[in-house]
Amino acid sequence: MEKLKDLFTNHYVIPQEWLWAIFGVVVLLLLFFDLFLFNRKNEVPNFWHTLVLCIIYILAACVFGVFIIYEEGLDKGMDFFTGFLVEKSLSLDNIFIMSLIFASLGVPRMYQHRVLFWGILGAIVMRALLIWVGETLISNFHWILYVFSAFLVYTGVKMLLHKGEDEPAFEETRLFKFLSKIFHVTGKIHGEHFFVKENGRHYITPLFFALLTIETMDVIFALDSIPAIFLITNDVFIVYTSNIFAILGLRALYFLLEAAVHKFTYLKPALSIILIFIGLKIFAPYILGFELEAWHSLTVTFGLLFAGIGISLWKTRNAEATPQ
């Protein structure tokens, strides 16, 4: 491990502001390719198209993670990959919610990628604001980390015990009813348009209503992921970049997994244990007598996610192979 830490020590270290600039350029390039090259038309993305796009986003995150190791050291790089894995796995819940929203509002698949693109842009801005708030709180009130810890343990236990039964229809949720009271909503799809004017009154279409709902849900999900990453590292650069790289490929991941996300039945328990582990990590020096290192977090996170996905696929395979 020490040899790996010393592998890239003899080189010029780029100033922090240049790291932010490089990250910004990479994000802009990925968004440009996504919008103007991969999704130029309103059409239903095919499987191979989305698979290639998912691989590109994951490879981009991996290359950036290696770049962080080169510039910031092995521990920072491992913190980046840990945060990326946690955020990516939490996004699977986002995919289920997105599918429910689109189905309830009757948004055709050919227009869903437009909604998700603007949703990701909004998420980039909202995550920046939430992370800034989190960093400000930690800088001024270090004890807030223990609040984050308790919240994560509570969330993990709640997820672990939740059976997922008797979920209300989307139209019956408080969020749907709240947004419906604020905005004039037309139930008719008007192509790719977010707004229409009918009988002298402006309405939002189901596409924009879906966008508002997805943005609101992303903020709610961020209340889990952002405390988790701050308990992994206090470095704002690592916190923000790992979050953004995870959500950048969310649109492609949605089209790739929307029909199969329900098959990962053992992923949520694995994620619950990860959240509990991260929440309790802050108490390791008091309980274990030593502080957990970055590679401990990465190993536990990757191992649990791999086990959750593997067991889910194995159980699903056995169920599908069973004759009816």
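Because only heavy atoms are used, hydrogens play no part in the values below, and waters and symmetry mates are left out as well, while side chains stay in. None of the values given here were measured: they were computed from a predicted structure.
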Parallel, tilted or perpendicular: rings of Tyr240 and Trp20 (30°, 60°):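 Correct class here is tilted.
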Side-chain contact, heavy-atom cut-off 4.5 Å: [X] with [Y]?
X      : Y      : result
Val86  : Ile229 : no
Phe23  : Phe245 : yes
Ile247 : Lys88  : no
Ser149 : Leu231 : yes
Ile68  : Phe81  : no
Thr82  : Thr233 : no
Leu19  : Phe67  : yes
Thr241 : Phe84  : no

Give the minimum heavy-atom separation between Ile214 and Val115, together with the two atoms involved. CD1-CG1, 4.1 Å
Between Pro206 and Val107, which heavy-atom pair has the shortest distance, and what is it? O-CG2, 4.0 Å
Show every donor-acceptor pair shorter than 3.5 Å between a side-chain atom in residues 130-138 and any protein atom, with sequence neighbours excluded, or say none if there are none.
| from | atom 1 | to | atom 2 | distance (Å) |
| --- | --- | --- | --- | --- |
| Glu135 | OE2 | Ser139 | OG | 2.9 |
| Thr136 | OG1 | Trp132 | O | 2.8 |

Quick one: pull up [atom1] in [X] and [atom2] in [Y] and give me the separation to the nearest 0.5 Å.
X      : Y      : atom1 : atom2 : value
Asp235 : Glu72  : CG    : CD    : 6.5 Å
Glu87  : Arg127 : CD    : CZ    : 4.5 Å
Phe64  : Leu30  : CZ    : CG    : 10.5 Å
Phe102 : Thr213 : CZ    : OG1   : 9.5 Å
Lys76  : Ile69  : NZ    : CD1   : 12.5 Å
Glu71  : Phe237 : CD    : CZ    : 9.5 Å

Do [X] and [Y] share a hydrophobic cluster, counting only Ile, Leu, Val, Met, Phe, Trp and Tyr and linking them when any side-chain heavy atoms are less than 4.5 Å apart?
X      : Y      : result
Leu31  : Met126 : yes
Val66  : Val63  : no
Tyr146 : Val153 : yes
Val147 : Tyr154 : no
Leu304 : Leu280 : yes

Please check this pair: side chain of Thr205 against backbone of Phe194, looking for a donor-acceptor N/O pair closer than 3.5 Å.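 Between the backbone of Phe194 and the side chain of Thr205 there is a qualifying donor-acceptor contact (under 3.5 Å).
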Could you go step by step and tell me if Leu121 and Trp118 meet the side chain to side chain contact (heavy atoms under 4.5 Å, CB included) rule? CA-CA 5 Å; Leu121 285 183; Trp118 289 105; 3.5 Å; yes
